[in-house]
Amino acid sequence: MKRICLFFAILHLVVQSNAQEDFIAYTTTIPNSTVGFKMVPIPAGSFLMGSSDKEKHHKANEGPQQKVSVGAFWMGEHEVTYDEFLLFFQDANTSVNSTVDAVTRPTPQYIDLSWGMGKTGGYPVNSMQQKTAMMYCKWLYKLTGQFYRLPTEAEWEYACRAGTTTEFYWGNDSSKIDDYAWYEGNSPYKYQPVMQKKPNAWGLYDMLGNVSEWVLDQYDENYFTTIASKPNDPMIPPATTYPKTVRGGGYNEGIQMVRCAARNKSDVLWNRKDPQVPKSKWWLTDAKSVGFRLVRPVKQPTPEEAEAFYKQY
Amino acid sequence: MSNDNKSSRRNFVKQTSMLAGGLMAAPLLSRANFFSGSSDVIKVALIGCGGRGTGAAMQAMLSKQNVKLVAMADAFRDRLDDAYKTLTADDISDWSGGSGNIKDKIDVPEERKFVGFDAYQKAIALADVVILTTPPGFRPIHFAEAVKQNKHIFMEKPVATTPEGIRSVLENAQIAKQKKLNVVVGLQRHYQNSYRELFSRKDMIGDITSAQAWWNNDGVWVKMRQPGQTEMEYQMRNWYYFVWLCGDHINEQHIHNIDVINWFKGGHPVKAQGMGGRQVRKGKEYGEIFDHHYVEFHYADGSILNSQCRHIPGTMSKVDELLVGTKGKIQCGAANIVDAKGKVLYQYDTEKENNPYQTEHDELFAAIAKGEYKFANADYGAESTMTAILGRMATYSGQIVEWDKAINVNMNLHPDTYTWDTVPKTLPKEDGYYAIATPGITKYV
């Protein structure tokens, strides 16, 4: 039954996109490089978002559960790696820290913000502000013509669950976590190269653990109340720098944060050891386990819409 | 482990590190004599209004004491204005972590904003405490003036770029002590909980026999030359890339790691040997500094610090320190102590880590408010700065450089006067490139 639904959903989208591009997994090579990344199709659908108070590690900000629907999108098979990010960071054709250019790349890191945990060779990129993650998306859009962004909080949880309703995407058995995720119990206090653990049912790796992932939304403690009136493609628009939402938990977090429904928020303390004022708008000195993952919506915006969208961040 | 170095300087350093370590009872001063003004407000002047200066001023204002910023000075009007705007913003929560603002602590009307090379003197005169955060080449001049004017001092690292600058700072550090002026230096690892805990347990690794220090990363900002700038203005704007202003990145950044080793060793090296060069910094905009240095620093007891710093994008990055002893190792980044086999003997709970930049100011201003004399950081600030300069002399020359000789060198890198029309001693060649030190040819004296 599920398979049939999926089939119709996909068929519908293919027709809608005029069959120019099949809604299937694809691998793209970043222009002017040999570095590629794989995007996995996530069909449109609806799901029960959040957790019930019966769930073992449930927190108040995860409910009340709400039926939410999201449109179809592709999602990065893994967290964006340092190898991918480096192409942006070092792209000589993009100006650094510009206030006039549409796409601008980050200033150098004053100290080593990988903290010795690893960079090239498949490690996830970390310690960046949400703005930096979004500028990477924008850079990729400029390079490929395909609109990339961070997932919404709802898209993120939908993709993470991959059809499951349990605490983790492998069920409710926390003892299986070693097969699926890097967290404080097995990491050992370092993030790890992506895709070392088993993926979820939709082929996404490290949705839980390793680095936690920026989503688009402003953090809202009462998210589920706020979206109750608009549960179709919900999104809390950006308003202030802090707090924004991150999902999935990181290598240094306990099992209660490495769950499909667990929600975390950015905090000014994440950059407290930046000695300069104004503090870096690109980097975070105290958020070692924060990274991001790409989304490409099937319904692509017009260039004007895309511009206006990026401008918010 | 014995050493028979009897030079008075080394003994002097030992005494001062005892003082800095708080082993000497803090004398309580008469409050009336401690402030220049009659009110209880501690008046602060900011000398050097860049990002670090603005950060330091904000931390001073957030120190929970009755403080007020009363004067600001910078060589450039736009830098001063940016800092003023930031400090008086309606909402500083993105920077401070707390709600609200510090506007009521900023009392700097137009007549107390000073611009130009002599601005510092006027600003210092108006304060009880001065924050010295210009490029490090000016630090000895500003420190001397602040001591002369009897002010308590927070000054950023490094404290000089040349041996004559170091000699000046050491001399004035003595006077500051006689005058009981608190001096805090922004080598913030001394104010970071994890480092303090590791330091207090350093005997767990026995005698320290070797050490390693790293500051390897991508590099920092660069400012391009603008039309109409005099050479002096260009170098001041792009100060990181000129030795008289910055001291090279071994001095400006790697000093943090070198300082930790000196701190744990309880002294400075007696000689250095190393290599370095400029592999990727090829453009005119990178002035004259190297992009990598590797130095062996030899201490009097025979132990060696291997120190490396690199500004090369895409290479292994690491900013850390490691001390190896007869019984184990102190791994500063991991904040732990391990035995020879790697078994963890002590692990600092990083949940208890503080923001050392804030702690520097919290402790300094608390002492001043109580009328206590507690901080004499200038000596170790100067020692660690000189250690970095020693390393630079070694990598620039390719020779073995001895401390006692190096500290007496006259480098004469600074201009004779400071005006926008002054011609700096380092100038670009006809093709726009600056001369770069060449090991084997460049002399360190």
Side-chain angles (χ1 to χ4, degrees), chain A residues 82-83 85-92 95-98 105-121 123 126-127 129 131 184 188-190 240-244 252 254 266-286 288-289, chain B residues 49-59 61 82-83 85-87 89 91-99 133 156 186 188 192 214-222 252-253 256-257 310-311 313-320 331 333-336 347 350-351 353-358 360:
Chain A
Y82 184 79
D83 304 87
F85 189 84
L86 191 62
L87 297 167
F88 163 58
F89 199 14
Q90 294 187 348
D91 177 11
S95 57
V96 177
N97 202 29
S98 170
R105 61 195 166 102
T107 50
Q109 296 179 341
Y110 183 73
I111 51 172
D112 166 33
L113 293 175
S114 75
W115 300 99
M117 290 186 281
K119 287 189 168 181
T120 56
Y123 289 94
N126 73 319
S127 296
Q129 298 266 12
K131 174 195 171 74
E184 70 170 5
Y189 289 99
K190 283 178 182 173
T240 55
T241 311
Y242 298 100
K244 296 267 175 51
N252 55 356
S266 67
D267 187 284
V268 69
L269 287 176
W270 287 14
N271 207 14
R272 69 173 175 166
K273 289 213 282 287
D274 182 344
Q276 308 264 335
V277 172
K279 289 173 183 287
S280 173
K281 61 185 183 189
W282 298 103
W283 303 110
L284 292 166
T285 54
D286 301 87
K288 299 174 183 177
S289 72
Chain B
C49 300
R52 182 71 271 271
T54 311
M58 191 172 286
Q59 282 139 10
M61 297 305 114
D82 285 350
K85 198 174 152 197
T86 302
L87 292 167
D91 180 5
I92 60 161
S93 56
D94 275 6
W95 306 325
S96 67
S99 57
T133 45
E156 259 309 336
Q188 82 283 352
Q192 188 167 339
W214 302 263
W215 191 297
N216 294 347
N217 74 341
D218 289 354
V220 299
W221 50 265
V222 58
E252 214 282 329
Q253 289 184 313
H256 281 297
N257 321 105
R310 177 168 61 199
H311 274 183
T315 60
M316 181 209 81
S317 54
K318 183 172 177 124
V319 177
D320 203 352
Q331 306 184 125
N336 65 17
Q347 176 67 56
T350 49
E351 294 287 310
E353 194 66 285
N354 60 326
N355 176 3
Y357 299 98
Q358 187 59 51
E360 288 169 344

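Every chain is numbered from 1, with letters handed out A, B, ... down the list of sequences.
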Quick check on B/Q188 against chain A: is it the side chain, the backbone, both or neither that has a heavy atom closer than 4.5 Å?
neither

Does any backbone or side-chain atom of B/N354 lie under 4.5 Å from a heavy atom of chain A? Answer side chain, backbone, both or neither.
backbone

Could you look at A/F89 and say if it's the side chain, the backbone, both or neither that has a heavy atom under 4.5 Å from chain B?
side chain

Here the pair of heavy atoms bringing B/G314 nearest to A/Q90 is N-NE2, 3.5 Å

Taking every non-hydrogen atom, the tightest pair across B/S317 and A/K119
OG-NZ, 2.8 Å

B/W95: which residues meet the ring pair (Phe, Tyr, Trp, His ring centres under 6.0 Å) condition with it, sequence neighbours left out?
none

Kindly give the heavy-atom pair with the smallest separation between B/T54 and A/V277, and that separation in Å.
CB-O, 3.4 Å

Residue part contacting chain B, namely of A/I111, when any heavy atom lies under 4.5 Å
both

What part of A/S114 gets closer than 4.5 Å to chain B, counting heavy atoms only: side chain, backbone, both or neither?
side chain

Kindly check if the number of other-residue, nucleotide or ligand heavy atoms within 6.0 Å of NZ (A/K281) is above 12?
yes

CG/A/L269 to CG/B/N355 distance, rounded to the nearest 0.5 angstrom?
9.0 Å

Between A/Q109 and chain B, with a heavy-atom cut-off of 4.5 Å, which part of the residue counts as in contact: side chain, backbone, both or neither?
backbone

So that I know where these two stand, are B/W221 and A/Y110 an aromatic pair - ring centroids less than 6.0 Å apart?
no

Which portion of A/V268 sits near chain B, non-hydrogen atoms under 4.5 angstrom:
side chain

Checking heavy atoms, do the side chain of B/T133, its backbone, both or neither come under 4.5 Å from chain A?
neither

Just jot down the salt bridge (Lys or Arg N to Asp or Glu O under 4.0 Å) partners of A/K273, sequence neighbours excluded, or say none.
A/D286

May I ask you to name which of B/D320, B/T86, B/V220, B/N216 has the most heavy-atom pairs under 4.5 Å with chain A?
B/V220

Can you tell me which of B/A57, B/G219, B/S96, B/A56 forms the most heavy-atom pairs within a distance under 4.5 Å of chain A?
B/G219

Under a 4.5 Å heavy-atom cut-off, does chain A meet the side chain of B/W214, its backbone, both or neither?
neither

